[in-house]
Each structure stands twice: as C-alpha cells, then as structure tokens.
2 protein chains.
Amino acid sequence: MGRPRRFDRDAALDQALQLFWEQGYDATSIADLTRALGISAPSLYAAFGDKRALFDEAVARYEASPRSVTTAGTAGRTPREVLGAMLDVAVREYVDEDHPRGCLVNSSPELADRRAANRAATAAHVAQVTGVAADPDPGRDPATLAAFAHALLIGLSSSARDGADGAQLARIAELALRAVPE
Amino acid sequence: MGRPRRFDRDAALDQALQLFWEQGYDATSIADLTRALGISAPSLYAAFGDKRALFDEAVARYEASPRSVTTAGTAGRTPREVLGAMLDVAVREYVDEDHPRGCLVNSSPELADRRAANRAATAAHVAQVTGVAADPDPGRDPATLAAFAHALLIGLSSSARDGADGAQLARIAELALRAVPE
DNA sequence: CAAGTTCTGTAGTGATCGATACAGAACGGT
DNA sequence: ACCGTTCTGTATCGATCACTACAGAACTTG
C-alpha cells in the first residue's frame, strides 16, 4: 500500500552501476546519480539508503552478472587450461563496448577486500580443478597461480582502461600463458 | 629580497608526495596538505600554484627518483634479463617500508597518460637492449613484452597495495618470467 | 631608519558535497 | 469518502571543497 514508486528500481540500479563503473565511487556525486537516474535525491535515499549502500548494491549486481571471471574455466583440468579460460573471458570482457572498460572491482580502490576475496576464491578454484595442493614450484602452487592470474587481470583491466585494444590484451594473455604448465 | 619563506620547499614537496601516494589525488584535500606540511593555505598556493600543479610537481619528483622501474635492467641482453631486472626492482620497491606501497603512477587514475608514456618507453628500451624489431612472436616482440611487463607491474603494484608481502610478489614475478624467452 | 617586497596567518569566498525536513500527491484498505 | 502509508519534488541543511582578500610580520635595500 501507499503511493507506488514512479521509477524502475532495477533500471536505476543499472544506471548507477554504469556511472560508478565509468567514474569511480568518489568521482560520482549524488547530483550525477539523480540526473542519470532521472529521480530526485529523496527518492534515491528512500530506495537505496545512502550513497555507499547504493554502491555496494551496484557492486553486488556487477558480481552476480555472468561477467565474473573468477569462476571461469571450470571446464579446464591443467593450470594452463584454467588460467587460459579466465584470461580469455577477461580479454573479451574488458574491452566489451556494451559497458565501461576494465573491471569495476579491480579498478576501485575502495574494494580491496573484494579483491582479496576474489584471489582466495581463485586459489581455491585452481586447487580444486587441478587437484594440486600447495607446492614449492610456483607453476604448480595454486596460491601462486591465483596470485599471478589476479595480478594479470588487474593489469589487463588497467590497460583496457588506459586505451589498449582487444588484440593487445590478447597478446599479453597469450604471452602470460606460456609461464603456466600444461 | 622580501620576507624569507619559513618552511623548506623540498621537504614540503616530499610531504605532499607522501600524502598523494597514500591517499590518491582526489582523497587528499588542501586541508590535509596544510596540516601535514605545517603551513597555511596561502603559503601553499604561493609556493606551488594550485592543487593540481602541486600534484604534478610531486609526481615529477617521484619519477625523477631512482625508484623508476622503467629503465631498470639496462644491463640485460635477453628479454628475460631485461624484464627480470624490472620485476626485481618493482618487487623490492612496491613493499619498501620507507614509503607507501605500490607505484604512485600505476595506481593513480589521473595519470593514464604517464602510464602510456611509460609503456612506450619500456617498449623502446626493450627493443634497444635486445636489438629485436617488431616480431609476430609475442615472446620476441618488444611492444608485447613491454605491454606484458607493464600489465604485470600494475598488478604487482595493486597487489602490494592490497596487502601482499614481498615473498608473494617475488613468486608472481618468478612465475611470470617463465613466459619470457632467454 | 624608512621604503619596498615577499611571506605569514586569519578569516572568509562561492561552490559543491552527502543527506533531509517538509508538504503535497498517489495509492490501498476500510 | 476517508485514513494511513508511501512516494514525490522543492528547497535547504551543515560540512567540506579548492581557493583567496586582506593586513600585519619579516626580511633586503637605500
């Protein structure tokens, strides 16, 4: 009951995600959001809480989308297959023209905790898929492989933001894969 | 002639660099700077111009210091030696406790142009030292080697900021080096 | 000493930040 | 039709932003 909301909450959330993705959290003001979302500030606060809650919800939406690179490559068996699948998804995703370039999580200073979680998740994923436990050889150690992949994804994300095209990213990924055992 | 400046301009510039490095450009306010530098706002503006000019001067100071990774590894001959030297310097530098973690240039959104310049400089450096011109093999192409190194440096910088220790960074670098031919 | 110049702190500029008080509008339940 | 509830826009809150007008203090020069 009560007066119904005049705007589509999900569409507004997508708009907010788009803005945060393009400009970052700090650089996106409430005024920017109300303009892009086509609603007034009180409606925004009533629907989403405060700015940070809106950002967190947008990030959750981002992470829930099939863009997620972390769990890509489930089909692989060897470390190279697993990391290769992740890099493939990333290279395509980071220059996709349907949305801003790069990865929202990997290029947001305020999401360091999510990056840590992603690295841990990647390490567990690699260990599970390849069946390899901790190993002194960096090429066989799931934690090192995950940290390597994670660092590369961040580098690819930043390169995409700085203007690199898909072919350049693909060459980087191809070269990087040579470090990883079959 | 006239009243002499009461503070050390170079020391103040170092303090400003420290703050920008820790917090980033946007997150560092003039109030933060006047507090850390121990001077009032008019003195700061008289000495450095405006906030962006102060930032640019601090970045120039940063790039002029021997921290620069881009030109490291001049001694090397093979791509692996050149990149290995760069990664060695970076791994040590990014966790050095004498200053904030990571690389100021690689973690500042407003310095995308400097990153592009660094990538180009690295490519020229690799080409000159190894004597290799453009090559279809990613492992022999200076531009791809430079882009790979650049992406890795950004990933290492971000990982250091997110809390990775020197040993972790070293393992990433060791693994990455396996991608690069002798 | 006095004049000229430059730095100093106090205090405040307009603009923008995130966030809200308030009143009217639009609905469901009775 | 009326009431309670919830959303709506207007208009504004205090805080903070980058930045500066102003006047006195501290120096060099004559």
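So you know, we letter chains A, B, ... as the sequences are listed, proteins then strands, and number each from 1.
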Rounded interatomic separation in angstrom, taking CZ from A:R35 and P from D:dG9:
15 Å
Measure from the side chain of B:A41, starting at C-beta and using heavy atoms only, and say which of D:dC19, D:dC27, C:dG29 lies closest.
D:dC19
For B:F48 and C:dC7, give me the distance from atom CZ to atom P, rounded to whole Å.
12 Å
What integer distance in Å separates B:L37:CG from C:dG9:P?
12 Å
Ignoring the backbone of A:Y45, work out which of C:dT10, C:dA19, D:dC19 is nearest its side chain.
C:dA19
Is it the case that the side chain of A:D135 and the backbone of A:D141 share a donor-acceptor pair, with hydrogens and angles ignored and the cut-off at 3.5 Å?
no
From the list D:dC7, C:dT10, D:dC19, which nucleotide is the closest neighbour of the side chain of B:P42?
C:dT10
Parallel, tilted or perpendicular: which one describes the rings of A:W21 and A:Y62, with boundaries at 30° and 60°?
perpendicular
Closer than 4.0 angstrom, basic N to acidic O: yes or no for B:D96 and B:R92?
no
Nearest to the side chain of A:R6 - D:dG9, C:dG18, C:dT8?
D:dG9
Can you find a donor-acceptor pair, distance only, under 3.5 Å between A:R3 side chain and C:dC27 base?
no
What's the closest nucleotide to the side chain of B:K51 if the choices are D:dC19, D:dA26, C:dA19?
D:dC19
Salt-bridge contact A:R101-A:E97 (side-chain N to carboxylate O under 4.0 Å):
no
Please tell me which of B:L44 and B:M1 maps to the more 5' nucleotide of DNA chain C, matching each residue to the nucleotide holding its nearest heavy atom.
B:M1
Given DNA chain D, 5'-ward residue of the pair B:A27 and A:R5, judged by closest heavy atom
A:R5
Nearest-angstrom distance from the residue atom CG of B:L33 to P of D:dA18:
8 Å
Have a look at A:S29 and say if it touches a base, only the backbone sugar-phosphate, or nothing, with a 4.0 Å heavy-atom cut-off.
sugar-phosphate
By nearest atom, which of the nucleotides C:dA19, C:dG28, D:dG9 is closest to the A:D50 side chain?
C:dA19
Within this structure, what is the CD1-to-C1' distance between A:I39 and C:dA19, rounded to whole angstrom?
14 Å
Do any side-chain nitrogens or oxygens of B:S43 fall under 4.0 Å of OP1 or OP2 in C:dC7?
no
Nearest whole angstrom, please: distance from the P of D:dA18 to the CZ of B:F55.
13 Å
Using the six-membered ring wherever Trp is involved, compare the ring planes of A:Y25 and A:F20 and label them parallel, tilted or perpendicular (cut-offs 30° and 60°).
parallel
Assign A:T28 to base, sugar-phosphate, or nothing according to its heavy-atom contacts below 4.0 angstrom with the strands shown.
sugar-phosphate
